[in-house]
Amino acid sequence: MKYYGRRVAFYAITLWAAVSLNFLIPRMLPGDPAQILIGKLARNGDVTPAVERNVKLILGGSDESLWNQYWAYLDNIVHGDLGISVSKYPEPVWDLIKDALPWTLCLVGASTIIAFAIGIVGGAWIGWRRGSAWDHVIPFTALLQSVPYFWLALLLVYFLGMKLGLAPISWGWDVQKYDHPEWTWASMVDVFQHAVLPALTIVLSAVGGWLVGMRNMMVSTLAEDYIVTAEAKGLRPRRVLWVYAVRNAALPSFAGFAVALAFVVSGSLVMEQVFSYPGIGKLMITAVSNADYALMQGVFLLTTVAVLVVNFLMDLIYGYIDPRTRHHG
């Protein structure tokens, strides 16, 4: 219980620090970000007092004390009020995030899990059969991992999309056929087809790291005394592989997987930009290019919370899988 208590306290303090920084950073910027945004909003029409107050509470510039602004900011967050987007005025920031988040979670989340599963299973098998022809797979996947992310995406767009026509090359659905995705079989197939190239980019770029890491951990684990003892007892090779070797060799990979899974929420900036995919990554680029501070803060806050929550859950799972961490964590 002490281990879990320390974990809860650590992540609670970290969350408070992240939220506080999200509040303070715009107020430490030179000039008055709130007035800049209000000026931009005024170009598109009248700015209501409610919108002006919202912007000032989020970015500073309010006549209230900093302490009162801080508590008002926390209250807004609790009630899901992240302000108004400038680039998508007058859309609330939370509505924009809510619309973009499912696209990123489904695409980047599924692709990350697939890459991890292939890397762990493949790395375990290659490590088990070390010295065989399977080792030649490692340099190929390492090459794919070393290729710049955007370049690999552009290659897939050119060869698989434009030359061979195997999959659509942009957006999340056929905008000429559908105004928005529908819960019909044809529409869902269309959405899946648009996700093929972005997902393939993520899998090809990520699988090499998991494969190499798991293979090396397997080679190291197979040299441990308890593996030699298990083999000497006459246990079946399959049992030695999956119960003794893979379970222990995969522990470091699970820690890395927690970090990768946590950053799924932030999307993949380059990939979503190349494919014009309507996810969180593209939303963040829109916010940065338009100096949309409220939207940037909202995405940053969502990413921070996701990273902390996933890492907290993985800490709990890791503590259950490996009891040694409960005594040293």
Side-chain angles (χ1 to χ4, degrees), residues 87-88 96-122 136-212 257 260-261 263-290 295 299 303:
S87 56
K88 303 287 185 179
L96 293 174
I97 292 176
K98 187 171 59 176
D99 291 339
L101 187 59
W103 293 96
T104 294
L105 288 179
C106 292
L107 174 68
V108 186
S111 302
T112 301
I113 293 172
I114 291 171
F116 176 76
I118 294 174
I120 293 300
V121 175
H136 298 302
V137 176
I138 298 295
F140 175 71
T141 56
L143 175 64
L144 289 176
Q145 188 184 16
S146 65
V147 172
Y149 208 84
F150 69 93
W151 194 59
L152 179 59
L154 291 174
L155 286 177
L156 293 177
V157 167
Y158 181 74
F159 287 106
L160 299 184
M162 299 177 66
K163 287 293 184 180
L164 300 178
L166 297 179
I169 61 174
S170 65
W171 208 241
W173 68 91
D174 189 344
V175 294
Q176 296 181 346
K177 187 180 296 185
Y178 305 99
D179 292 332
H180 53 79
E182 303 170 356
W183 290 107
T184 63
W185 178 253
S187 179
M188 288 188 289
V189 170
D190 178 64
V191 169
F192 175 80
Q193 291 173 339
H194 279 77
V196 168
L197 291 184
L200 187 59
T201 303
I202 297 173
V203 172
L204 291 178
S205 298
V207 71
W210 301 118
L211 200 68
V212 173
F257 178 63
L261 202 59
F263 280 101
V264 162
V265 174
S266 63
S268 178
L269 296 178
V270 177
M271 181 276 297
E272 291 187 6
Q273 184 68 8
V274 170
F275 293 101
S276 296
Y277 203 77
I280 293 292
K282 193 171 190 305
L283 190 65
M284 186 62 175
I285 291 178
T286 300
V288 172
S289 60
N290 291 279
L295 186 54
V299 174
T303 304

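Treat the numbers as computed from the prediction; the structure is a model and nothing was measured.
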Contacts table for residues 201-210: side-chain donor-acceptor under 3.5 angstrom, sequence neighbours left out:
{"unit_1": "Thr201", "atom_1": "OG1", "unit_2": "Leu197", "atom_2": "O", "d": "2.9"}
{"unit_1": "Ser205", "atom_1": "OG", "unit_2": "Thr201", "atom_2": "O", "d": "2.9"}

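Here the closest heavy-atom approach between residue His194 and residue Ser170 is recorded as CD2-O, 3.1 Å. Of all heavy-atom pairs between Pro181 and Val191, the closest is CB-CG2, 4.1 Å.
Every residue meeting the side-chain contact (heavy atoms from CB on, under 4.5 Å) condition with Trp171, not counting sequence neighbours, appears here in chain and number order: Trp173, Val175, Ser276, Pro278, Lys282. Every residue two or more places apart in sequence or in another chain that forms a side-chain contact (heavy atoms from CB on, under 4.5 Å) with Leu96 is listed here: Ser85, Lys88, Glu91, Leu283, Leu295. In terms of the ring-ring contact (aromatic ring centres under 6.0 Å, His included) criterion, Phe275 has no residue partners (sequence neighbours excluded). Qualifying side-chain contact (heavy atoms from CB on, under 4.5 Å) partners for Val137, counting only residues two or more places apart in sequence or in other chains: Ile126, Trp134, Thr141, Leu211. Residues passing the side-chain contact (heavy atoms from CB on, under 4.5 Å) test with Val196, sequence neighbours excluded: Ala167, Phe192.
Note that the CD1 atom of Ile97 and the CD1 atom of Ile280 stand 6.0 Å from one another [nearest 0.5 Å]. With rounding to the nearest 0.5 Å, the separation of CD1 in Ile138 from CG in Leu143 is 13.0 Å. Here the straight-line distance linking atom CH2 of Trp183 with atom CE of Met188 works out to 7.0 Å at 0.5 Å rounding.
Among residues at least two apart or in separate chains, salt bridge (Lys or Arg N to Asp or Glu O under 4.0 Å) pairs with a member in residues 97-122 are Asp95-Lys98.
For the pair Leu107 and Trp103, the minimum side-chain heavy-atom distance is 4.5 Å or more. Between Val108 and Glu272 there is a side-chain heavy-atom pair separated by less than 4.5 Å.
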